[in-house]
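Numbered from 1 within each chain, the chains take letters A, B, ... in sequence-line order. For the numbers below, each heavy atom of this structure counts, side chains included, while hydrogens, waters and symmetry mates do not.
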Protein chains: 2
Amino acid sequence: MKIGEAAATSGCHLETVRYYERIGLLPKPQRTGSGYRAYSDDDVRRLRFITRGRELGFSLDEIRSLLQLSSDPGLSCSEVDQLARTHLGEIEQRVKELSRMAKELRRTIVTCSKDQRKDCAILDALWCEKSPTTNSAPKPRKSRAMTDVHS
Amino acid sequence: MKIGEAAATSGCHLETVRYYERIGLLPKPQRTGSGYRAYSDDDVRRLRFITRGRELGFSLDEIRSLLQLSSDPGLSCSEVDQLARTHLGEIEQRVKELSRMAKELRRTIVTCSKDQRKDCAILDALWCEKSPTTNSAPKPRKSRAMTDVHS
DNA sequence: GCTTGACCCTGTAGTTGCTACGGGGTTTAG
DNA sequence: CTAAACCCCGTAGCAACTACAGGGTCAAGC
């Protein structure tokens with residue numbers, strides 16, 4: 001199977017397949033006499049493993065670990081489980097953050113569309129003086145002025 | 001105000017401030033006699049605008065638009081509103097995708113922890129033969145074999 | 001006066017996960 | 001025999017930073 005077909009059947013971009021090979025996620029495939037990549041069924045399965053992992057939001061590094069764990073005859077299911085749980089936690093965290101964002105945006109958009117004149121609630125929300133959560137300036141060392149501004 | 005303080009009060013990394021200047025999101029600030037950046041209150045407000053925008057998930061390009069709309073005396077609130085609504089839609093989409101991922105992962109993790117032996121449900125899910133949604137191979141053009149594999 | 005350390009400067013390269021390009025070679029249908 | 005469709009390689013680009021290396025500045029303490 002040539003690269004184009006391998007890419008199509010595993011649902012990823014042709015250049016992505018070469019990229020996975022370049023970073024060592026996919027083994028270097030056989031070559032035809034004219035230098036074309038020739039993928040075995042196993043290669044394609046591995047590629048599908050990767051794309052499915054990506055669909056589930058695993059990073060390429062995590063997928064690398066999963067592949068390694070998978071090939072380990074010592075069968076370390078608990079490590080796989082741990083990796084998946086950690087990853088799930090991260091996704092849930094991200095969902096929470098995005099939901100918070102969405103909520104705030106929705107709120108702002110609603111109040112904005114009420115008064116469609118002079119003041120825009122969305123811009124106001126962005127310009128607002130609310131100080132960022134926790135941050136101290138780096139000890140201004142008795143910062144005497146800064147009067148010598150030029151140009 | 002020097003860069004370190006400006007960064008701290010607006011809640012972003014010092015190098016990020018320089019980055020925003022480099023890409024033209026933040027105007028080039030005044031300089032002290034010794035070449036240090038000297039930020040005005042307006043500069044810092046603008047920086048805060050940017051960081052707040054980022055917190056709401058706007059891209060730097062979107063923030064650039066918001067800043068431009070904001071400075072427009074012709075007051076085009078509807079454009080701001082449109083941008084925010086589009087952005088909200090994207091965030092909601094992302095939340096949906098991530099929630100789907102999380103759901104599938106949770107399902108897989110649960111079934112995996114049941115049988116903590118030979119077969120790992122998580123790896124199985126990744127190795128599974130389920131073909132990717134919609135994808136046709138690129139017309140194998142009667143692809144005659146590929147028998148000439150070498151090396 | 002001199003050192004120490006915190007701060008600042010510039011420019012460049014790295015990160016993740018691709019995607020796109022230029023400039024070529026190969027294969028096969030018509 | 002030509003044109004289209006496929007493949008090769010290497011490099012550069014994207015977003016949005018972050019992290020150096022290799023220097024300069026400045027105030028305080030000894």
Can you name the residues that form a ring-ring contact (aromatic ring centres under 6.0 Å, His included) with A/Tyr20, not counting sequence neighbours?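 ring-ring contact (aromatic ring centres under 6.0 Å, His included) list for A/Tyr20, sorted by chain: empty.
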
So how far is it from A/Asp41 CG to A/Arg48 CZ, rounded to the nearest 0.5 Å?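 Spacing of CG (A/Asp41) from CZ (A/Arg48) equals 10.0 Å.
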
Nearest to side-chain heavy atoms of [X], which nucleotide of [options]:
X: A/His13; options: D/dC17, C/dT19, C/dC9; answer: C/dT19
X: A/Arg31; options: D/dT18, C/dT19, D/dC8; answer: D/dC8
X: A/Leu60; options: C/dT10, C/dG17, C/dT19; answer: C/dG17
X: B/Tyr19; options: D/dC8, C/dT10, D/dT18; answer: D/dT18

Checking all strands, does B/Leu14 fall into the base, sugar-phosphate, or nothing category for heavy-atom contacts under 4.0 angstrom?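 Answer is sugar-phosphate: B/Leu14 comes under 4.0 Å of backbone atoms only.
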
Mind checking A/Ile3 for me? I need base, sugar-phosphate or nothing, with any heavy atom below 4.0 Å counting as a touch.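 Sugar-phosphate, backbone atoms only, no base.
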
Do the side-chain N or O atoms of B/Ser34 get closer than 4.0 angstrom to the phosphate oxygens (OP1, OP2) of D/dG24?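 No, outside the criterion.
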
Does B/Arg18 have a side-chain nitrogen or oxygen under 4.0 Å from the phosphate oxygens OP1 or OP2 of D/dA19?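 Negative; the distance criterion is not met.
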
Is the base of D/dG24 touched by the side chain of B/Tyr36 through a donor-acceptor pair closer than 3.5 angstrom?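 Present.
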
How about B/Ser40 and B/Gln30: do any of their side-chain heavy atoms sit closer than 4.5 Å?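 Not in contact.
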
Would you call A/Leu25 and A/Tyr19 a side-chain contact if the rule is heavy atoms closer than 4.5 Å?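 A/Leu25 does not reach A/Tyr19 side chain to side chain.
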
Considering residues at least two apart in sequence or located in another chain, which fulfil the side-chain hydrogen bond (donor to acceptor under 3.5 Å, both in side chains) criterion with B/Arg106?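 side-chain hydrogen bond (donor to acceptor under 3.5 Å, both in side chains) check on B/Arg106 returns A/Glu92.
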
How many Å lie between [atom1] on [X] and [atom2] on [N], as a whole number?
X: B/Glu5; N: C/dC7; atom1: CD; atom2: P; value: 11 Å
X: A/Glu15; N: D/dC8; atom1: CD; atom2: C1'; value: 11 Å
X: A/Asp61; N: C/dT16; atom1: CG; atom2: P; value: 7 Å
X: A/Phe58; N: C/dT16; atom1: CZ; atom2: C1'; value: 17 Å
X: B/Met1; N: C/dC7; atom1: CE; atom2: C1'; value: 16 Å
X: A/Leu47; N: C/dG17; atom1: CG; atom2: C1'; value: 14 Å
X: A/Ile63; N: C/dC18; atom1: CD1; atom2: C1'; value: 13 Å
X: A/Tyr20; N: C/dG17; atom1: OH; atom2: C1'; value: 7 Å

Considering heavy-atom distances to DNA chain D, does B/Thr16 or A/Arg22 have its closest nucleotide positioned more toward the 5' end?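 It is A/Arg22, whose closest nucleotide lies nearer the 5' terminus.
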
